[in-house]
Amino acid sequence: MNQFQYVRASKPKAAIEALARDPNAQFIAGGTNLLDLMKRGVMAPQKLIDINKLPLDKIERQEGNIRIGALALNGAVAEDKLVLEKLPLLAQALNAGASAQLRNMATVGGNMLQRTRCPYFYDTAMPCNKREPGTGCGALEGYNRMHAIFGFSDKCIAVHPSDMSVALAALDATVLVSGPKGDRRIPFAELHRLPGDQPHIDTTLGAGELITAVEVPDNAFTRHVHYLKVRERASYAFALVSVAAALQLDGSTIKDARLAMGGVAHKPWRLADAEKTLVGKPATDETFRQAAEVAMRGAKAFQHNAYKLKLGPNSIVQALKNAAAA
Amino acid sequence: MNRVDGRQKVTGAAKYSAEYQLPNMAYAVLVGSTIAKGRLSSIDTKAAERAPGVLAVITHQNGPKLPGHKPVGKDPSQPQTVGSALRVFTDDKIRFNDQPIAVVVADSWERARYAARLVKAQYAQEAHQTNLEANKPNAFLPTQAKKNPKSPVADYQRGQVDAYKTGALKLEAEYVIPTEVHHPIEMQSITAHWEAPDRLTLYDKTQGTMATRRDFAREWGLPEENVKVIATYVGGAFGNGLHSWPHESAAIVAAKVVNRPVKLMLTREQMFTMVGYRPHTWQKIGMSATPDGKITAITHEAIGQTSTYEEFTEATLGQTRMMYQAPNMTTRYRLAALDIGSPIWMRGPGEATGAFALESAMDEMAYLLNIDPLEFRLRNYTDKDPENGKPWSSKFLKECYQAGAERIGWNKRQLKPGSVREGDWLIGYGMGVGTFGAHRGTSKATAKLLPDGTVLLQSAVTDIGPGTGTAMTQIAADTLGVTPAKVRFEWGNSDFARAPTQGGSAIVNTVGPAVQEACLALKDKLRELAAAGNGAFAAARKEDVTFADGYLTLAGNATARVTYTDLVKQAGGQAVTVESKPSDKGREYSMYSFSVHFAQVRVHQLTGEVRVSKLVSCADAGTIINEKTAGNQMKGGAVGGIGMALTEAAVIDDRFGRYVTKDLAEYHVPVHADAPAVEVYFVNQPDPHVNALGTKGIGEIATIGVAPAIANAIFNATGKRIRELPITPDKLI
Ligand SMILES: Cc1cc2nc3c(=O)[nH]c(=O)nc-3n(C[C@H](O)[C@H](O)[C@H](O)COP(=O)(O)OP(=O)(O)OC[C@H]3O[C@@H](n4cnc5c(N)ncnc54)[C@H](O)[C@@H]3O)c2cc1C
Ligand code: SF4
């Protein structure tokens, strides 16, 4: 690990200013991702600005939404009464991620901004455009079993590994940020970017911007929800494919639906077209199959991830079945 | 009886190899190569040398000569491997990716780690080979087999060659297991301390204190007694500590150069590259049978991967030769040498690999014959060893079959795959058989009665978790007629009485008798002492002296009664050391432990996820010394088998010759949620020939046969026969 300076910020403004002053600085929250990357030599910030003391960990009911502070711990959010009652899909997604130990360190802001688990990104002896622009994409013709089937470019085919973010994408969350130029609100779907020609940039956050909270609008998806995560062991593994499914049912008719996938793209993959095909239809396997088919349009696989073309739709069907039965 | 070291372990008092703090200690961090094959054309260490706290940067350019080191390929002295273990900084050659090319020593670990990143190497790269499939055509007969046609890895034949080809009903199938890595919870680490220019002490993670002592004494041209190896607590090993590795060599070199004790701890990433693994292996089975389910012929071939500098072989084909009554048998074992680090035995070593193929093929054949797979095995059961015609020393495998079948509910199994389901989950049942030689070697043990009446036993053996310390304490207590609290068994120190390396399920078989005999010798001594001080004892016959609860008493003489403690006081307490050897009579028998594992699995028909919902492991392992620790072994082995079957694979990107699954987030060992409660059944019948205790060994048979049981259950659930492990969801949708 490189040597670095460490400062602790006690006010958001001070943290933002400290970061803006120093292009080689990084915020550190739970550190569960950043420290690993530093140990592996993937990231080498010269200064860490510890934001854990900032008063940004509240989970509050507000007019029209629930506001979750960026420093609320993943474990705390997943167990929060309000979240369990109003946003059960989010709680399920959080609990599907990592392990209890990690969830007790990881923050909501850090979770959104965790970086890809692509093995080439992690190994400084291999090419990776995300880590070192211009070196090539090791995964493109390599071991791309965990990689994208949507929205990739020939520069990067990595996926975003977060579970929580898939639920937030499905639930139309908004990210609140403060930066040197003031505060702004970013619709969740616009926080993460596709790799395009600049895979080294994960998000649309500007220099020095701090995530302060995420707001999830009030919704009726409190019962028929399911977060399905398919992985190689029963727990503590990243998703091969995951699906956040939320239904609002009127008898057996679908009144409204939300659907997003994880493990398939450089960002949480919202499936708006598939949602549309669900609305107004009976909640049957047949309907779910049709939606899954729509969802998978445009998917393309690489040498080792062709299974996702089948696992994807199957998982959508299963998640919708589970949601309907919940 | 509970584990003697349980309390130390759960309270953190047990000290593992990385936890020894010595005065003036320095820290070493390895720099690994980033190519798989070639030469170092230059190595720039200047920046690292200038970094804060750095004491030395050692490379092949400035490393000390190892007086006893023979260049790679020139040391035929390794017993099982041909070639020689890799030693560091002896030449500029790169043999695998992440091979240590330098070690940085600094006054703190953090500083050493930082400086290690500043070392810059240039290479003259050569084309490397890391792909087993592509190198199958170059596979060769191991040197060992060329030298000795009777070697277990030599080609074997009984009846006609490849007779299955002409069989009426035949099966031909290929099976592949990927590279698996031991990954004990405790990573490899070592602290090397030159206490004098010719006296070395190592606090090391090893399974054999004597073997490590021998290897490094030889490397440095020292008499063995000048090297001391301490490995009191070992946090699991699974075979990872059965060899002496480059990082150990590096730590010793580093300690020599800086003339301070040096600690070197591997990272989880380095655990993949330089300390062994279960080798990626390709196998093919041809089998023929009569319509009524008698196997007529088996041909079993295997190609295992090894490194370019050591020929690592294992008994992949052993179980096939002796398990079933096949009159025609052909086995061929080959190696493919690749540009990667050497493999090493991993729990249930080659047998677990071979059993995956054999026991899958048994299931496939039973299916072709439309016979229940348990019935098929019974029809081919052997009452003597078909490999050599000898009788078994003991075999209670049928009892295991029956006990397991009852416990799993085998009668619920349907012959037709895919017939049992619960919602979207398909349910299936499978079985797999395992066996492992009931090995017994030679060992010493020392017993001494202390003035407070405690019996102190010492052995150089390690306890890597199976409960060796506990079992030995119990054997001693039983033999001496004292409570276990009065026995102190000390282990894990090469200065103690000579004992073999912990491995091959042989420790209770081997060290157990030594402990028992040492205790018997101690009793003789006590009897003599009693006789010297007490006329009644002097006059008594040997058989009439009773040892119980810390007293010597005499049958029929209520007043003749001495405590052990008094006898020690009387004599000053000398130690007795006893050497225990297997008897020659054992050679007349074929000695094996046996196991059978029954699995019930659930497979999700849409997502392909597999859950092992029930696992029953039954063992004929001779006398069970301690049900708790033995049961633990079985459960741990079963979970290891779940990993082998469903989750574990270390993958190399052949373009770079580098692993791409390099941490425990990518290399999936099973978690609790993957492991059902494992039900264990022991026949617990003594074997009359292995040793006087009646034990046969447990550690390996706990894993051997589990993976095929699960693979077979998946077939029964889904109709899908997966012949390449691990069986991940993508293979089932
Ligand atoms: C073994 C392992 C398994 C895991 N498995 C899963 C899994 O299955 N599913 C899953 O979803 N995740 C998983 N994770 C990832 C885990 O969820 C993330 O590491 C965690 O959420 C990151 O949060 P943190 O607070 O620790 O972030 P940090 O590591 O502190 O920070 C991550 C990044 O976010 C930036 N940052 C943090 N907070 C803010 C903020 N408020 N504003 C601006 N920038 C900020 C930091 O500068 C840094 O670049 C796993 C991690 C590990 C180590
Ligand atoms: S997929 Fe992206 S992260 Fe992975 S190697 Fe390619 S560029 Fe790097």
Quick one: does A/N314's side chain have a donor or acceptor within less than 3.5 Å of a partner on B/T607's backbone? no
In terms of heavy-atom contacts, does CD of A/E293 have more than 12 from other residues, nucleotides or ligands at under 6.0 Å? no
Does any heavy atom of chain A fall under 4.5 Å from the side chain of B/V651, the backbone, both, or neither of them? side chain
Nearest heavy-atom approach of B/V671 to A/R233 is CG1-CD, 3.8 Å
Testing the 3.5 Å rule here: is there a donor-acceptor pair between the side chains of A/Y120 and B/D653? yes
Can you say whether B/K731 sits under 4.5 Å from chain A via the side chain, the backbone, both, or neither, judging by heavy atoms? neither
Under 3.5 Å, side chain of B/R655 to main-chain N/O of A/G138, donor-acceptor pair present? yes
Below 4.5 Å, heavy atoms only, C-beta onward: do B/P52 and A/Q3 meet side chain to side chain? yes
Looking at B/D674 and A/A234, what are the two nearest heavy atoms and their distance? OD1-N, 2.7 Å
In terms of heavy-atom proximity below 4.5 Å to chain A, should B/L664 be classed as side chain, backbone, both, or neither? backbone
For the OG atom of A/S235 and the NE2 atom of B/H668, what is their distance to the nearest 0.5 Å? 10.5 Å
Contact class of B/D424 relative to chain A, heavy atoms under 4.5 angstrom: side chain
Looking only at heavy atoms and a cut-off of under 4.5 Å, which of A/A98, A/G41, A/S99, A/S315 has the most pairs with chain B? A/G41
Restricting to non-hydrogen atoms, name the atom on A/K310 and the atom on B/I733 that form the minimum distance, rounded to 0.1 Å. NZ-C, 3.4 Å
Nearest-0.5 Å distance, OG1 of residue B/T728 to CG of residue A/L240: 7.5 Å
What part of B/T267 gets within 4.5 angstrom of chain A, counting heavy atoms only: side chain, backbone, both, or neither? neither
Any idea which of B/K662, B/H672, B/Q605 has the most non-hydrogen atom pairs under 4.5 angstrom with chain A? B/K662
Spacing of OH belonging to A/Y143 relative to CD belonging to B/E666, to within rounding of 0.5 Å: 8.5 Å
Nearest 0.5 Å please: distance from the CG atom of A/D123 over to the OH atom of B/Y659. 13.5 Å
Are B/E269 and A/R40 close enough for a salt bridge, meaning some N to O gap below 4.0 Å? yes
Could A/K308 and B/D730 be called an ion pair, given the rule that one side-chain N must be under 4.0 Å from one carboxylate O? no
Which pair of non-hydrogen atoms, one from B/T647 and one from A/E232, has the smallest distance, and what is that distance? CG2-O, 3.2 Å
Which value, rounded to the nearest 0.5 Å, describes the distance between B/E609 atom CD and A/L311 atom CG? 8.0 Å
Relative to chain B, which of A/R231, A/M126, A/M146 shows the most heavy atom pairs under 4.5 Å? A/M126
Is B/K46 atom NZ crowded by more than 12 heavy atoms from other residues, nucleotides or ligands, each under 6.0 Å away? no
Using heavy-atom distances under 4.5 Å, tell me whether B/H604 contacts chain A through its side chain, its backbone, both, or neither. side chain
Which atoms of B/R111 approach chain A - backbone, side chain, both or neither, heavy atom under 4.5 Å: neither
Structural part of B/V669 lying under 4.5 Å from a heavy atom of chain A: both
